[in-house]
Amino acid sequence: MCGIVGYIGTKTALPILLQGLRRLEYRGYDSAGVAIFDGARMQRTRAVGKIDQLSNAMGKSNWAGSSGIAHTRWATHGGVTEANAHPHIACSDDLVIVHNGIIENYRELKEKLGPAHRWTSETDTEVLAHLIESHYTGDLTRAVQTALSHVRGTYGLVAMHAQNPHTLIAARMGSPLVIGIGEGEHYVASDATPMLAYTKKVVFLADGEIAEIKRENVLIMNMKHEPVKKYVEEIDWDEAQAEKQGFPDFMLKEIFDQPSVFEDAIRGRIDVEQGTAHLGGINMTEDQMRAIDRVLFIACGTARHAGIIAKYAFERLVGIPAEVDVASEFRYRDPVLNEKTLVFGISQSGETADTLAALREARRKGALVRGIVNVVGSTIARETDGGTYIHAGPELAVASTKAFTNMVAIMLLYAIQFARLRRMTISTGIKLLNALKEVPRQMEHILEQNDCIKTYAEKYALYKNMLFLGRGINYPVALEGSLKLKEISYIHSEAFPGGEMKHGPIALISPDFPVVCVMTQNQLYDKMRSNVEEIRARGAHIILIATEGDAAARELADDVICVPETHELLEPLLNTIPLQLFAYHSAVVLGRDVDRPRNLAKSVTVE
Ligand code: M6R
């Protein structure tokens with residue numbers, strides 16, 4: 001996830017900005033840049049790679065200015081190149097801007113601005129720079145406000161202009177910005193880490209606010225230019241806490257990131273009016289999409305669980321055969337593929353060796369291969385003939401959480417897009433998309449139950465074994481809940497489809513074997529309820545994920561976690577979250593290293 005640092009004061013800005021960028025390294029980045037007003041003109045250097053590479057690129061330049069902005073970029077629009085790195089300028093070198101977020105309508109805006117502008121990158125941010133410049137008549141605040149009124153999307157941005165280098169303009173919509181208050185100096189950054197060494201007094205900008213930051217004061221306004229009263233908060237975080245935005249671990253932070261990164265995944269990709277989705281990265285014409293007669297999802301671990309959900313969605317909505325394969329198995333069997341088979345490789349890192357090898361094999365055998373990947377520019381993203389980034393932002397905890405929900409989101413969008421080209425009605429499409437738009441708010445609602453889920457985790461953490469059950473679309477949810485629990489808490493757990501219990505696993509059931517059942521209100525509710533009753537009859541403790549308002553749930557289970565009602569195919573987006581929290585708190589109670597569980601690596605680049 002990109003990082004921003006800005007400084008304005010009396011000290012030399014360069015070392016503060018470079019140090020600030022180093023503090024933001026934990027967010028992950030692929031390039032970096034800095035711009036400083038050196039007393040005469042705006043100076044700018046950018047480089048691909050680490051901050052050291054940026055320092056090297058600067059050579060002996062020792063700019064003396066005391067105001068500037070800097071950025072670490074995690075590519076979203078456009079490849080990892082120096083030209084795409086921030087800060088961006090427009091036609092003149094006077095205006096510089098750094099930006100986090102996504103400008104959805106940047107293509108339209110670029111077209112309107114026209115070819116007369118000097119375009120040097122593939123980024124949405126450069127379009128924003130030109131837009132601001134086109135409205136600039138000597139007042140940067142007004143220019144930013146007017147430009148932003150034409151923008152659709154998210155931003156945390158900081159801009160400065162050589163004609164008034166003693167003011168930084170910061171604006172926020174959906175992408176955090178914090179202003180640090182010092183004595184005769186101010187800082188601005190995407191989180192508090194770069195400023196903690198200098199001040200603990202901060203102001204958090206809210207969405208729709210714009211700040212004029214000078215040495216002596218900070219003026220915060222709304223987009224109508226009306227002043228907004230803000231309170232200075234005193235934070236007592238140390239650096240490690242600030243990186244995690246106050247959460248004790250990256251995993252918990254990433255679980256709580258889900259509502260906002262889910263919005264990033266679907267933003268600009270849905271067309272509610274037409275009941276469809278537009279994922280242009282598929283690189284296929286509509287006729288080619290209609291000609292596909294089979295789809296295959298290849299992945300490992302959590303990504304494979306997202307693939308199982310995709311299989312259910314494709315079969316139900318698109319009506320074509322869909323299969324899921326464990327990548328390490330696929331690569332060594334004799335899969336039957338042809339040019340009408342579409343293969344999706346799903347991977348957070350985009351570097352998983354088995355997934356990569358399986359995709360190469362699928363391509364060799366004539367299938368169409370596309371990547372569903374989080375890390376931009378990763379090998380799978382580069383080697384596939386198209387696909388989609390899931391926009392979950394860097395996932396640092398080994399246990400995958402927000403990448404899972406965003407993988408599911410993208411696969412649902414693909415299912416809708418393909419289905420609308422075949423048999424799905426516009427009204428079904430609209431219904432699904434409206435339900436999808438509700439998901440972030442519903443996720444927030446589930447996250448509010450964190451304390452309650454923690455008490456359940458504390459109650460069960462000392463059991464040696466656990467079972468997870470689900471049916472239909474909730475079977476992969478059970479698999480994912482079980483994987484999360486075992487990988488970070490080391491409690492042995494298994495997952496089964498509810499209907500399989502009688503074929504063996506029910507022999508395990510006893511009061512020492514708690515069972516987590518996903519029993520939300522969908523077409524398999526009655527079937528799942530019978531499975532829960534069978535378990536209850538054998539004396540096991542039951543933790544139930546149930547739909548809000550299900551009166552039977554309290555009678556059946558020892559402990560119940562309620563989730564909001566949604567479309568059946570969307571249930572995994574909600575039902576997985578309590579299981580992530582349950583696994584997380586179980587691991588904490590047992591004193592495990594939640595972010596770095598034993599024997600596991602974040603990216604499995606060997607076979
Ligand atoms: O980077 P990938 O999505 O390809 O990784 C696949 C698995 O290694 C990964 O999902 C793993 O199962 C996680 N640790 C699960 O939390």
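This one's a predicted model, so the numbers in the text were calculated from it and none came from an experiment. Atoms within a ligand are numbered from 1 in the order they appear, just like the ligands themselves. Start at 1 with the first residue, then count along the sequence.
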With Glu395, the salt bridge (charged side-chain N to carboxylate O under 4.0 Å, His left out) member among Lys402, Lys602, Lys253: Lys602
For atom 8 (O) of ligand 1, find the nearest protein heavy atom and state the residue, atom name and distance (0.1 Å precision). Val604 CG2, 4.1 Å
Within a distance under 4.0 Å of any heavy atom of Ala303, pick out the atoms of ligand 1 and give their elements. 3 (O), 10 (O)
Parallel, tilted or perpendicular, as decided by the 30° and 60° cut-offs, for the rings of Phe582 and Phe468: perpendicular
Could you identify the single nearest non-hydrogen protein atom to atom 15 (C) of ligand 1 and state the distance to 0.1 Å? Thr302 OG1, 3.0 Å
Could you tell me, atom by atom, which parts of ligand 1 come under 4.0 Å of a heavy atom of Lys484? 15 (C), 16 (O)
As an exercise, identify every atom of ligand 1 less than 4.0 angstrom from a heavy atom of Gln348. 1 (O), 2 (P), 3 (O), 4 (O)
Going by the salt bridge (charged side-chain N to carboxylate O under 4.0 Å, His left out) test, which pairs reach into residues 460-473, not counting sequence neighbours? none
His305: partners by ring-ring contact (aromatic ring centres under 6.0 Å, His included), with sequence neighbours left out: none
Ala306, Gly301, Ala299: member with heavy atom nearest to atom 12 (O) of ligand 1: Gly301
With atoms numbered from 1 as shown, which atoms in ligand 1 lie under 4.0 angstrom from a non-hydrogen atom of Glu487? 13 (C), 14 (N), 15 (C), 16 (O)
shortest atom 5 (O) of ligand 1-to-protein heavy-atom contact is with Thr352 OG1, 3.5 Å
Answer yes if the side chains of Thr576 and Glu480 hold a donor-acceptor pair under 3.5 Å, and no otherwise. no
Ligand 1 atoms in contact with Ala399 (distance to a heavy atom under 4.0 Å): 16 (O)
Suppose I only count heavy atoms of Ser349 and a 4.0 Å limit; which atoms of ligand 1 are within that range? 1 (O), 2 (P), 4 (O)
With a 4.0 Å cut-off, would you call Arg22 and Asp52 a salt bridge? yes
Which residue holds the protein heavy atom closest to atom 6 (C) of ligand 1, what is that atom called, and what is the gap in Å? Cys300 O, 3.4 Å
How are the rings of Phe513 and His492 set relative to one another: parallel (under 30°), tilted (30 to 60°) or perpendicular (over 60°)? perpendicular
Out of curiosity, is Val398 lining ligand 1, as in a heavy atom under 4.0 Å away? yes
Would you say Thr388 and Tyr414 are linked by a side-chain donor-acceptor pair, where the criterion is simply a distance under 3.5 Å? yes
Would you mind checking if Asp325 and Arg333 are paired as a salt bridge, meaning a charged N to carboxylate O distance below 4.0 Å? yes
I need the contact type for Glu351 against ligand 1. Using non-hydrogen atoms and a strict under-4.0 Å cut-off, is it side chain, backbone, both or neither? neither
Taking only non-hydrogen atoms of Ser400 and a 4.0 Å limit, the atoms of ligand 1 in range are 15 (C), 16 (O)
